[in-house]
Amino acid sequence: MIDQEKIKRAVGLLLEGIGEEPSREGLRDTPDRVARMYAEIFSGMEADPSVPLGKVFSVQNSDMVLEKDITFYSMCEHHLMPFYGKAHIAYIPDGKVLGLSKLARTVEIYAARLQLQEQMTEQIADALMEYLAPRGVMVILEAEHMCMTMRGVKKPGSRTVSIAARGIFEDNALLQDRFFRMLRT
């Protein structure tokens, strides 16, 4: 559970640590604002992906379903800085499909945690395999990391791409190629 009181105290110490006066007018309410913001952006810490992934519909179709360009925002666990981008998810149904918003909700759950992009990609693919039980899943995340943009090497515009393939996507080059072609349309 997110402890907003601890966050407020920590933000006060952080402000002092960088040489600021937490009691000055512009900063007086900052610890409270940051605590409320953190409760929102880390809401995935307590969220259960089985909830959105449990909303399925029976189908006869077993052709690829692709949802692309799902915007996400997350926080890097290494520097506590944002990374953001797009998720692209495809799956081959095995008698069940999700409501369209459920893939985006699943991405939101994993993005709203301290994360590594590579880990988040794997978590989304694994959750779909576990709760939807499709014949296969492919997930790609493309993101810009503020730890590379604002600090360190300072390379704005550079994107990191991570991929996870499960089930029949793992060894089927034709299926993977179809997925990539569908992304370009």
Side-chain angles (χ1 to χ4, degrees), residues 1-20 22 26-27 29-53 66-91 101-131 137-166 169-170 179-180 183:
M1 179 164 195
I2 295 173
D3 187 334
Q4 290 192 34
E5 290 305 313
K6 280 186 179 179
I7 295 170
K8 288 179 197 178
R9 289 192 303 273
V11 170
L13 287 172
L14 174 68
L15 292 170
E16 289 175 4
I18 64 171
E20 274 291 354
L27 295 176
D29 295 327
T30 296
D32 183 59
R33 282 191 294 269
V34 172
R36 284 184 283 119
M37 176 190 69
Y38 277 11
E40 178 184 339
I41 65 175
F42 294 120
S43 62
M45 300 293 290
E46 299 167 3
D48 181 355
S50 71
V51 174
L53 293 175
L66 169 66
E67 190 163 339
K68 61 183 184 176
D69 297 327
I70 303 167
T71 300
F72 70 87
Y73 301 90
S74 192
M75 293 287 279
C76 171
E77 66 182 38
H78 290 160
H79 297 100
L80 298 181
M81 293 189 77
F83 67 95
Y84 55 90
K86 303 280 185 185
H88 315 289
I89 303 171
Y91 68 95
S101 68
K102 304 315 179 206
L103 290 173
R105 290 191 193 285
T106 302
V107 170
E108 285 178 3
I109 286 171
Y110 287 108
R113 301 174 177 186
L114 284 176
Q115 273 295 10
L116 298 174
Q117 178 179 335
E118 301 86 345
Q119 173 180 277
M120 184 175 149
T121 309
E122 301 284 330
Q123 289 171 335
I124 292 166
D126 291 341
L128 284 164
M129 289 302 289
E130 180 178 351
Y131 298 112
V137 170
M138 191 138 174
V139 177
I140 294 182
L141 299 186
E142 301 177 65
E144 184 166 341
H145 292 250
M146 296 305 289
C147 58
M148 284 190 53
T149 298
M150 289 181 64
R151 57 157 304 281
V153 296
K154 295 182 180 149
K155 298 297 179 208
S158 62
R159 292 182 311 158
T160 300
V161 178
S162 52
I163 300 173
R166 301 287 186 272
F169 277 99
E170 287 181 84
F179 170 74
F180 289 119
L183 280 182

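The first residue in the sequence is number 1, and the count goes up from there.
- Residue Ile41 holds its CD1 atom at 13.0 Å from CZ of Arg36, rounded to the nearest 0.5 Å.
- In this view, Glu108 satisfies the side chain to side chain donor-acceptor pair (under 3.5 Å) rule with no residue, not counting sequence neighbours.
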Stepwise side-chain contact (heavy atoms from CB on, under 4.5 Å) check, Gln115 with Phe83: CA-CA 9 Å; Gln115 273 295 10; Phe83 67 95; 3.9 Å; yes
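- Residue pairs satisfying the salt bridge (charged side-chain N to carboxylate O under 4.0 Å, His left out) criterion with at least one member in residues 152-164, sequence neighbours excluded, are listed as follows: Glu142-Arg159.
- Not counting sequence neighbours, the partners of Ser162 by the side chain to side chain donor-acceptor pair (under 3.5 Å) test are Gln117, Thr121.
- Here the CD atom belonging to Gln123 is positioned 6.0 Å from the OH atom belonging to Tyr110, to the nearest 0.5 angstrom.
- In this structure, the side-chain contact (heavy atoms from CB on, under 4.5 Å) partners of Met81, at least two apart in sequence or on a different chain, are His79, Met146, Cys147, Met150, Arg151.
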Please walk me through it: do Phe42 and Met75 pass side-chain contact (heavy atoms from CB on, under 4.5 Å)? CA-CA 9 Å; Phe42 294 120; Met75 293 287 279; 3.8 Å; yes
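- Contact record, Ala87 with Val107: CB-CG2, 4.0 Å, taken as the closest heavy-atom pair.
- Residues Phe179 and His88 share a closest heavy-atom pair of CZ-O, 4.2 Å.
- A distance of 7.5 Å separates CG in Leu103 from CG in Leu53, rounded to the nearest 0.5 Å.
- When side chains are defined from C-beta on, Leu128 counts as touching Ile89, because their heavy atoms get closer than 4.5 Å.
- Sorted by first and then second residue, the side-chain hydrogen bond (donor to acceptor under 3.5 Å, both in side chains) pairs with a member in residues 69-78 read Thr71-Lys86; sequence neighbours excluded.
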Stepwise side-chain contact (heavy atoms from CB on, under 4.5 Å) check, Glu40 with Met37: CA-CA 5 Å; Glu40 178 184 339; Met37 176 190 69; 5.7 Å; no
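- Expressed to the nearest 0.5 Å, how far CD1 of Ile70 lies from CZ of Arg105 amounts to 12.0 Å.
- From Tyr84, atom OH reaches atom CG of Leu141 across 15.0 Å, with rounding to the nearest 0.5 Å.
- Pairing each heavy atom of Ile109 with each of Pro49, the nearest pair is CD1-CA, 3.8 Å.
- Residues passing the salt bridge (Lys or Arg N to Asp or Glu O under 4.0 Å) test with Glu122 are Arg166, sequence neighbours excluded.
- Considering all non-hydrogen atoms of both residues, Leu66 and Ala90 come closest at CD1-CB, 4.0 Å.
- For Thr149 against Glu144, the heavy-atom pair with the smallest separation is OG1-OE2, 3.0 Å.
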Test side-chain contact (heavy atoms from CB on, under 4.5 Å) on Val139 and Val137 and set out the steps. CA-CA 7 Å; Val139 177; Val137 170; 3.7 Å; yes
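- With sequence neighbours excluded, the residues forming a side-chain contact (heavy atoms from CB on, under 4.5 Å) with Ala165 are Met138, Phe169, Glu170, listed by chain and number.
- Residues satisfying the side chain to side chain donor-acceptor pair (under 3.5 Å) criterion with Glu118, sequence neighbours excluded, are absent altogether.
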Without placing hydrogens or testing angles, list every side-chain donor-acceptor pair under 3.5 Å for residues 1-17, not counting sequence neighbours.
| unit_1 | atom_1 | unit_2 | atom_2 | d |
| --- | --- | --- | --- | --- |
| Asp3 | OD1 | Glu5 | N | 3.1 |
| Asp3 | OD1 | Lys6 | N | 3.2 |
| Glu5 | OE2 | Lys8 | NZ | 3.1 |
| Lys8 | NZ | Asp32 | OD1 | 3.3 |

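- In this structure Ser50 satisfies the side chain to side chain donor-acceptor pair (under 3.5 Å) test together with Asp48, sequence neighbours excluded.
- Residues that satisfy the salt bridge (Lys or Arg N to Asp or Glu O under 4.0 Å) test with Glu67, not counting sequence neighbours, are absent from this structure.
- Qualifying side-chain contact (heavy atoms from CB on, under 4.5 Å) partners for Met148, counting only residues two or more places apart in sequence or in other chains: Val153, Ser158.
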